[in-house]
Amino acid sequence: MTTDEATAARHNELVRRKIMGYLVSRSVSAVCEIGVPDRLADGPMPVAELAQAVGAHPGALGRFLRVLAGEDLFDEVAPDVFGLTPLGTLLCADTPGSLRQLVELMGGEAYRVWEAADHSLRTGDAAFPHVFGQPYFEWLTEHPDAAKRFDEGQAGLVELRLLPLLGLDWSGVGTVVDIGGGTGALLSRLLTRNVHLRGTVFDLPHVVAAAAPVLADAEVADRATVAEGDFFERIPQGADVYVLSQILHDWADRDAVRILQRCREAMDADSRLLIVEHVLPENVGAGAAGLLDLHMLVLLGGQERTRPQWESLLARAGFRLASVTEGPRSSVLEARA
């Protein structure tokens, strides 16, 4: 390869993967929004037929699919006939391990706030209040459609998060509280898997209002309670195990310590705290966890943390890090008083 050819190759890679990468994510969001992956779940379809089924312009749809075929999400099996690749099946709503909810979460307001990423870069603060006039979670209380999308997105990501949590030994545990447990998806899975457990899903009133039907559908309502409250103020007392799943990364250290202190106040001497979060490698780079770390900063002012950062954070609230159980998406950090 000549010097000019090498320069051109680097140029093309930088343009395609880095500078214009957001066009790929927006293209993925667009085809998911009109239901293209779900229509192709049963097999390939001609573009014209697919366009009619999803309400798209045939020529435009073909152009989108060819770009996303280059990203290994779709496959042009014959001229103007497209199917899903194994990677693309993860965009279908009902596929085990589906990332469809994540596509939806990363669209809309989450995408708009990244237009102001330079605000976070300059200040170290969340850009969401800079763009929308108030913090993200406060904004959700006034936008029920977005709040529903957020809750569904969090529930959809429970399966991969739960793997290391479900793998723990729950035989000696009687009661568990899921702090900031949303609509009860995580607690439902825990109680289904461990029939001796009793549990409480704890969150803000407008959030846990939707938990009762989720628990009923999972047939665990007789062993579950719903508690309303603010984890900055008070947490239900006296459980054997407390779970914080993907909560602390939403917050900067000062607020995360406050949440942990409320946990410490609620716990008995032999209670355990299980934190389901990423543990960043100290040379994280631009992997998925590193990108999520930036997203927490820009959206919420929060962060992902390395093991030393977790140990320091826990110590400030009166805990020690007892163990870390790694999983495919998140890890479980066990903390003891």
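Residues Glu233 and Arg262 are not paired through a salt bridge, judged by the lack of any N-O separation under 4.0 Å between the basic side chain and the carboxylate. Residues Arg149 and Asp145 are not paired through a salt bridge, judged by the lack of any N-O separation under 4.0 Å between the basic side chain and the carboxylate. The pair Asp293-Arg305 does not meet the salt-bridge criterion, since no charged nitrogen lies less than 4.0 angstrom from a carboxylate oxygen.
In this structure, CD on Glu334 lies 10.0 Å from CD1 on Ile275, to the nearest 0.5 angstrom. One finds the CG atom of Leu163 at 12.5 Å from the OG1 atom of Thr325 (value rounded to the nearest 0.5 Å). Separating the CD atom in Glu71 from the CG atom in Leu65 is a distance of 13.0 Å, to the nearest 0.5 Å. Of the inter-residue distances, the one linking Arg307 atom CZ with Leu333 atom CG reads 8.0 Å to the nearest 0.5 angstrom. Taking CD of Gln303 as the reference point, atom CH2 of Trp251 lies at 14.0 Å (rounded to 0.5 Å). Within the model, atoms CG of Leu140 and NZ of Lys148 stand 14.5 Å from one another, a figure rounded to the nearest 0.5 Å.
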query = Val177 and Thr175: side chain to side chain contact (heavy atoms under 4.5 Å, CB included), yes or no, with the steps?
reply = CA-CA 7 Å; Val177 176; Thr175 55; over 6 Å; no
inquiry  = Determine whether Met45 and Val81 satisfy the following criterion, side chain to side chain contact (heavy atoms under 4.5 Å, CB included), listing intermediate values before the conclusion.
reply    = CA-CA 5 Å; Met45 294 177 64; Val81 179; 5.9 Å; no
Candidate pair Arg234 and Asp230, rule salt bridge (charged side-chain N to carboxylate O under 4.0 Å, His left out), full reasoning = CA-CA 6 Å; Arg234 180 183 174 277; Asp230 183 340; over 6 Å; no
task = Before giving the answer on side chain to side chain contact (heavy atoms under 4.5 Å, CB included), spell out for Thr225 and Val201 the whole-Å C-alpha distance, their side-chain angles and the decisive distance to 0.1 Å.
result = CA-CA 6 Å; Thr225 57; Val201 56; over 6 Å; no
ask   = Would Glu228 and Phe202 count as a side chain to side chain contact (heavy atoms under 4.5 Å, CB included) if you check the C-alpha gap in whole Å, the side-chain angles of each, and the deciding distance to 0.1 Å?
value = CA-CA 6 Å; Glu228 301 177 353; Phe202 173 77; over 6 Å; no
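The environment of CZ in Arg39 is sparse: at most 12 heavy-atom neighbours from other residues, nucleotides or ligands sit within 6.0 Å. Counted within 6.0 Å of OH on Tyr136, heavy atoms from surrounding residues, nucleotides or ligands total more than 12; the atom is thus considered enclosed. Within a 6.0 Å radius of CD in Glu326, other residues, nucleotides and ligands contribute 12 heavy atoms or fewer. Applying the 6.0 Å contact sphere to CZ of Arg26 captures more than 12 heavy atoms from other residues, nucleotides or ligands. Heavy atoms from other residues, nucleotides or ligands lying under 6.0 Å from CD of Glu219 number 12 at most. At most 12 heavy atoms of other shown residues, nucleotides or ligands fall within 6.0 angstrom of atom CD in Gln52. Around the CZ atom of Arg112, the shell of radius 6.0 Å holds no more than 12 heavy atoms that belong to other residues, nucleotides or ligands.
Of all non-hydrogen atoms in Leu280 and Ala289, the two that sit nearest each other are CD2-CB, 3.5 Å. Residues Thr183 and Ala210 approach most closely at CG2-CB, 3.8 Å, considering heavy atoms. Residues Ile235 and Ile259 come closest through the heavy atom pair CD1-O, 4.2 Å. The minimum heavy-atom distance linking Pro205 with Gly229 is given by the pair CD-N, 4.5 Å. Among all heavy-atom pairs drawn from Gly182 and Val208, the shortest one is O-CG1, 3.6 Å. Nearest approach of Ala211 to Val226, heavy atoms of both residues: CB-CG2, 4.1 Å.
Within the 3.5 Å criterion, the main-chain N or O of Tyr22 finds a donor-acceptor partner in the side chain of Ser25. Listed for the Ser188 side chain is a donor-acceptor partner under 3.5 Å among the backbone atoms of Gly184. Ser27 places a side-chain N or O within 3.5 Å of a backbone atom of Leu23 that can act as its donor or acceptor partner. Of the possible polar contacts, one joining the Arg198 side chain to the Asp222 backbone as a donor-acceptor pair under 3.5 Å is found. Between the side chain of Arg223 and the backbone N or O of Leu197 there is at least one donor-acceptor pair closer than 3.5 Å. Under a 3.5 Å cut-off, the side chain of Asn194 and the backbone N or O of Trp170 do not form any donor-acceptor pair. The backbone N or O of Cys32 lies less than 3.5 Å from a partner atom in the side chain of Arg100, making a donor-acceptor pair. Side-chain atoms of Asp80 do not come within 3.5 Å of backbone N or O of Val47 as any donor-acceptor pair. His57 places a side-chain N or O within 3.5 Å of a backbone atom of Ala60 that can act as its donor or acceptor partner. Side chain of Ser120 to backbone of Asp125: a donor-acceptor contact under 3.5 angstrom is found.
In this structure the side chain of Leu248 never reaches within 4.5 angstrom of the side chain of Asp250, judged on heavy atoms. Residues Ile179 and Asp203 form no side-chain contact, since every pair of their non-hydrogen atoms from C-beta on lies 4.5 Å or further apart. Looking only at side-chain heavy atoms (C-beta outward), Ser98 and Leu90 stay at 4.5 Å or farther from each other. Put simply, the side chain of Leu292 reaches to within 4.5 Å of the side chain of His278, judged on heavy atoms. Two residues are said to be in side-chain contact when any heavy atoms from C-beta on lie closer than 4.5 Å; Val176 and Thr200 fail this criterion. The shortest side-chain heavy-atom distance between Leu186 and Leu165 falls under the 4.5 Å cut-off. Between Leu166 and Leu168 there is no side-chain heavy-atom pair separated by less than 4.5 Å. You'll find the side chain of Asp240 stays beyond 4.5 Å of the side chain of Ser271, heavy atoms only.
Criterion: ILVMFWY side-chain heavy atoms under 4.5 Å apart, direct or through other members. Under it, Phe231 and Leu300 are part of a common hydrophobic cluster. By the rule that hydrophobic residues join a cluster once side-chain heavy atoms approach within less than 4.5 Å of another member, Val77 and Leu73 end up as members of separate clusters. Linking ILVMFWY side-chain heavy atoms closer than 4.5 Å, directly or via other members, places Trp310 and Leu297 in two distinct hydrophobic clusters. Under a hydrophobic-cluster definition in which Ile, Leu, Val, Met, Phe, Trp and Tyr are linked whenever side-chain heavy atoms come within less than 4.5 Å, directly or via other members, Ile247 and Val324 are assigned to the same cluster. Under the 4.5 Å side-chain contact rule for hydrophobic residues, Leu244 and Leu313 share a cluster.
Residues passing the side chain to side chain donor-acceptor pair (under 3.5 Å) test with Arg258, sequence neighbours excluded: Asp255. Here Gln246 pairs with Arg161, His249, Val276, Glu277, Ser330 under the side-chain contact (heavy atoms from CB on, under 4.5 Å) rule; sequence neighbours left out.
Taking the six-membered ring for Trp, Phe82 and Phe74 have ring centres at least 6.0 Å apart.
Test Thr89, Leu84, Val54, Leu91 against Leu40 for side-chain contact (heavy atoms from CB on, under 4.5 Å) and you get one pass: Leu84.
Side-chain polar atoms of His295 and Trp114 form a donor-acceptor pair below 3.5 angstrom.
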